[in-house]
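First up is the structure itself, then whatever we jot down about it.
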Amino acid sequence: QVQLVESGGGLVQPGGSLRLSCSTSGSIFRLNNMDWFRQAPGKQRELVSSITSGGSTTYADSVKGRFTISGDNAKNTVYLQMNSLKPEDTAVYYCHAVYQVVTNQKSWVSNWGQGTQVTVSS
């Protein structure tokens with residue numbers, strides 16, 4: 001069964017940086033896209049950034065110029081470099097992927113990681 005494994009969250013001071021990683025395990029045939037979402041207490045989950053297997057990227061307006069998403073197709077892994085972090089970036093960050101598995105190459109699967117806590121505080 002395919003799993004998304006996240007790492008890199010933690011506590012950082014305002015203005016600091018963190019690098020999140022999300023790697024996939026299991027028999028993935030093809031990735032369509034991988035995304036980062038976040039959810040702060042009392043707020044809805046929001047899309048932070050997305051990248052396709054072709055390298056196209058999107059960013060939420062609130063993180064443009066500060067966050068950078070990148071991927072490694074060979075490893076089916078996505079990264080989120082977060083710079084100039086602000087207290088309002090504090091949230092649980094979730095990795096999301098849409099992919100096809102080796103055993104069924106006709107349907108697309110949507111899957112989520114368990115989330116990693118990012119806290120920006122002085």
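Quick caveat: nothing in here was measured; it's all calculated off a predicted structure.
The number of heavy-atom neighbours closer than 6.0 Å to CD of Gln117, taken from other residues, nucleotides and ligands shown, is above 12. Within a 6.0 Å radius of CD in Gln3, no more than 12 heavy atoms belonging to other residues, nucleotides or ligands are found. Shown here is Glu88, whose CD atom has more than 12 heavy atoms of other residues, nucleotides or ligands within 6.0 Å.
Residue Val63 comes nearest to Val48 through the heavy atom pair CG2-O, 3.8 Å, listed as atom of the first residue, atom of the second, then distance. Taking all atoms of both residues into account, the shortest heavy-atom contact from Ile51 to Gly71 is CD1-N, 3.8 Å. Pairing each heavy atom of Cys95 with each of Met34, the nearest pair is SG-CE, 3.7 Å. Residue Arg38 comes nearest to Ala91 through the heavy atom pair CB-CB, 3.9 Å, listed as atom of the first residue, atom of the second, then distance.
Hydrophobic clustering (side-chain heavy atoms under 4.5 Å, transitive across Ile, Leu, Val, Met, Phe, Trp, Tyr) keeps Leu4 apart from Ile28. Cluster annotation: Leu80 and Leu31 are assigned to the same hydrophobic cluster (Ile/Leu/Val/Met/Phe/Trp/Tyr, side-chain heavy-atom contacts under 4.5 Å, transitive).
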Going by atom type alone, with no hydrogens or angles, which donor-acceptor pairs under 3.5 Å involve a side-chain atom of residues 104-111 and a protein atom two or more places apart or on another chain?
residue: Asn104; atom: OD1; partner: Lys106; partner atom: N; Å: 3.2
residue: Asn104; atom: ND2; partner: Ser107; partner atom: OG; Å: 3.1
residue: Gln105; atom: NE2; partner: Val102; partner atom: O; Å: 3.1
residue: Ser110; atom: OG; partner: His96; partner atom: NE2; Å: 2.7
residue: Asn111; atom: ND2; partner: Val2; partner atom: O; Å: 3.2
residue: Asn111; atom: ND2; partner: Tyr99; partner atom: OH; Å: 3.3

Residues 10-27, side-chain donor-acceptor partners within the protein, below 3.5 Å, at least two apart:
residue: Ser17; atom: OG; partner: Asn83; partner atom: OD1; Å: 2.9
residue: Thr24; atom: OG1; partner: Asn76; partner atom: O; Å: 3.0

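Atom CG of Asp35 sits about 12.0 Å away from atom OG1 of Thr57, to the nearest 0.5 Å. Atom OH of residue Tyr79 and atom OG1 of residue Thr68 lie 14.5 Å apart, to the nearest 0.5 angstrom.
Here Phe67 and Trp36 keep their ring centres 6.0 angstrom or further from each other.
Glu6 places a side-chain N or O within donor-acceptor distance of the main-chain N or O of Gly115, the cut-off being under 3.5 Å. Tyr59 places no side-chain N or O within 3.5 Å of a backbone atom of Gly65 that could act as its donor or acceptor partner. Here the side chain of Ser49 pairs a donor or acceptor atom with the backbone of Thr58 at under 3.5 angstrom.
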Exercise. Side chain to side chain contact (heavy atoms under 4.5 Å, CB included) between Val118 and Asp89: does it pass, once the steps are laid out?
Worked result: CA-CA 8 Å; Val118 172; Asp89 294 318; 5.5 Å; no

For this session: Evaluate salt bridge (charged side-chain N to carboxylate O under 4.0 Å, His left out) for Lys64 paired with Asp61, printing each intermediate quantity in order.
Result: CA-CA 5 Å; Lys64 286 182 178 178; Asp61 289 340; 3.2 Å; yes

For this session: Kindly determine whether Phe37 and Leu47 satisfy side chain to side chain contact (heavy atoms under 4.5 Å, CB included), including the steps that lead there.
Result: CA-CA 4 Å; Phe37 288 75; Leu47 177 64; 3.7 Å; yes

